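Okay, structure first, notes after.
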Protein chains: 2
Amino acid sequence: MPKRSSASAEILLGLLAMEPMSGYDLAQSIRASVGHFWNESYGQIYPNLRKLAKGGLVNSRSERQAGKPDRHVHSITERGRQRLREWLTVPPQPETPRNELLLKVFLGAQVEPEVLVAHVESMMRSERATLQKLNATAQEIAAAHGKQPAAPYWLMAVRFGQLELQAHLRWAEETLDSLRQIAAHRAASPQKRRRTHGDK
Amino acid sequence: MPKRSSASAEILLGLLAMEPMSGYDLAQSIRASVGHFWNESYGQIYPNLRKLAKGGLVNSRSERQAGKPDRHVHSITERGRQRLREWLTVPPQPETPRNELLLKVFLGAQVEPEVLVAHVESMMRSERATLQKLNATAQEIAAAHGKQPAAPYWLMAVRFGQLELQAHLRWAEETLDSLRQIAAHRAASPQKRRRTHGDK
DNA sequence: GGGTGCATGTAATGGGTTACATGATTCT
DNA sequence: AGAATCATGTAACCCATTACATGCACCC
């Protein structure tokens, strides 16, 4: 019994259900479409593609190309579509992803507040950037693919990212305020606190 | 060069910096304090504790107990504290956690909207429950540990979870609306769409 | 001449969960 | 009688990333 059914093969099926693609294309496509909540490495993609072919869930054909390696184009079979639908029906169970930043915040009393300030600021920057990308993606979906039946679903996924990132940014602002207060309080208080250890 | 420095050992150090504990205690403590964004299994805890002891970052002593296995109580050393502070200073790099529910939403056009409705609803239920737990935790920290210098940091970590969960719940409501509209539209439209395949 | 993109894949390595093994005590 | 709690740990397995290997074309 596998511990976690992993979904690495299933996302390939899912994308191939939209259009036939090569392994390389799949990697690109994943980064572009679901990159904000999912990633796959080649080390996962190629072996899984093999397994899918062996199981009859995709068909593969080779295209000769001058100067480049053969392109192996994979297309989903009817059995593949069925498998995909089955998988989509299985309720995803809630997981607890690990969050290293939060862990460092939780343990923050062990270091100067400035350390956490820097971490939170850099997190803000990177999340602002991805939020902007997401906004652009949303626009693009509406503009270029608005009529496709899958478009509403893509937008739901994007919307999730937008709301989550907004929440993170709000948290970051709040947290920076608190941290700066702590820092100011420390600077004002008489005791030296360079090394926290020893004060019980 | 390790691909991801993993932090499984560091969280142990971090908790042991608050008070000496056994491996069993650590597991409990992790669930209780940072369980909403971090988890560790025994298969991780015990071997790491060994490594920490070997590296001189914790000291371990055995306590005999009648009828139970010996309790191995670990306490952090000065070197351990230093290591912890170093690790806390390293900026956490942003990661993209995988989100199976979102993947299923993204691919949702392949199945009846009712399937996604069920998934989103069950996600709402579970997230509402953890939000309530978090609210309780926040209260408890303020009430019972309010004077501890680490309390503000604990509250920041909790706050993150609260804001994120609120965002998720807002998204879930929006999404349910959209899905129900799609479902209604489908029911009204004349074509049979049981099996989506074939309609390009 | 060197970087980037296209295009395939494998091997090594590591991180983590699950299942197993043991066993007394206490609660239901 | 049986389940849960205390308490330790190991082994098997799996999932995933990284690094490596190859090689042409195109652009700067």
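All values derive from a computational prediction rather than experimental measurement.
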Query raised in the report: Over how many whole Å does the gap from B:Gln44 atom CD to D:dG9 atom C1' extend?
Result: 14 Å

Could you pull out every donor-acceptor pair under 3.5 Å between side chains of residues 164-173 of chain B and any protein atom, sequence neighbours left out?
unit_1, atom_1, unit_2, atom_2, d
B:Glu164, OE2, A:His168, NE2, 2.6
B:His168, ND1, B:Glu127, OE1, 2.7
B:His168, NE2, A:Glu164, OE2, 2.6
B:Trp171, NE1, A:Met156, O, 2.9
B:Trp171, NE1, B:Thr175, OG1, 3.2

Query raised in the report: What heavy-atom pair brings A:Arg186 and A:Pro113 nearest, and what distance separates the two atoms?
Result: NH1-CD, 4.2 Å

Report task. Check the distance between D:dA16's C1' and A:Glu10's CD and give it to me in whole angstrom. Result -> 15 Å

Report task. Answer with base, sugar-phosphate or nothing: what part of the nucleic acid does B:Asn48 contact at a heavy-atom distance below 4.0 Å? Result -> nothing

Query raised in the report: Rounding to a whole Å, what distance do you find between A:Arg31:CZ and C:dC6:C1'?
Result: 12 Å

Requested in this report: Map A:Trp38 and B:Asp70 onto DNA chain D by nearest heavy atom, then report which one ends up closer to the 5' terminus.
Outcome: B:Asp70

Query raised in the report: Any side-chain donor-acceptor pair under 3.5 Å between A:His72 and A:Ser22?
Result: no

Query raised in the report: Should the pair B:His145 and B:Trp154 be assigned to parallel (<30°), tilted (30 to 60°) or perpendicular (>60°) ring geometry?
Result: perpendicular

Query raised in the report: Any side-chain N or O of A:Arg50 less than 4.0 Å from the OP1 or OP2 oxygen of C:dT10?
Result: yes

Requested in this report: Please report, rounded to the nearest Å, how far the C1' atom of C:dG16 is from the CG atom of B:Asn39.
Outcome: 10 Å

Requested in this report: Could you tell me the separation between the OH atom of B:Tyr42 and the P atom of D:dA7, rounded to a whole number of Å?
Outcome: 10 Å

**Report entry** OP1 or OP2 of D:dC15 under 4.0 Å from side-chain N/O of B:Arg98
**Finding:** no

**Report entry** Interatomic distance, A:Arg71 CZ vs C:dC6 P [rounded to whole Å]
**Finding:** 11 Å

Query raised in the report: Between atom OH in B:Tyr46 and atom C1' in D:dT10, what is the gap in whole Å?
Result: 12 Å

**Report entry** Check ion pair A:Glu78-A:Arg85 (N to O, under 4.0 angstrom)
**Finding:** yes

Report task. Starting from the 5' end of DNA chain D, give me the residue, B:Gln28 or A:Glu40, whose nearest nucleotide shows up first. Result -> B:Gln28

Query raised in the report: What is the distance from CD1 of A:Ile45 to P of C:dT8, rounded to the nearest Å?
Result: 10 Å

Query raised in the report: Should B:Glu40 and A:Arg98 count as an ion pair when the cut-off is N to O under 4.0 Å?
Result: yes

Query raised in the report: Distance check: side-chain N/O of A:Ser8 vs OP1/OP2 of D:dC15, anything under 4.0 Å?
Result: no

Query - Below 4.0 Å: OP1/OP2 of C:dT18 and any side-chain N or O of B:Ser41 - result: no

Requested in this report: Any chance you could measure B:Leu13, atom CG, to B:Ile76, atom CD1, to the nearest 0.5 Å?
Outcome: 4.5 Å

Query raised in the report: Heavy-atom contacts under 4.0 Å between residues 13-27 of chain B and DNA chain D, which residues?
Result: B:Ser22, B:Gly23, B:Tyr24

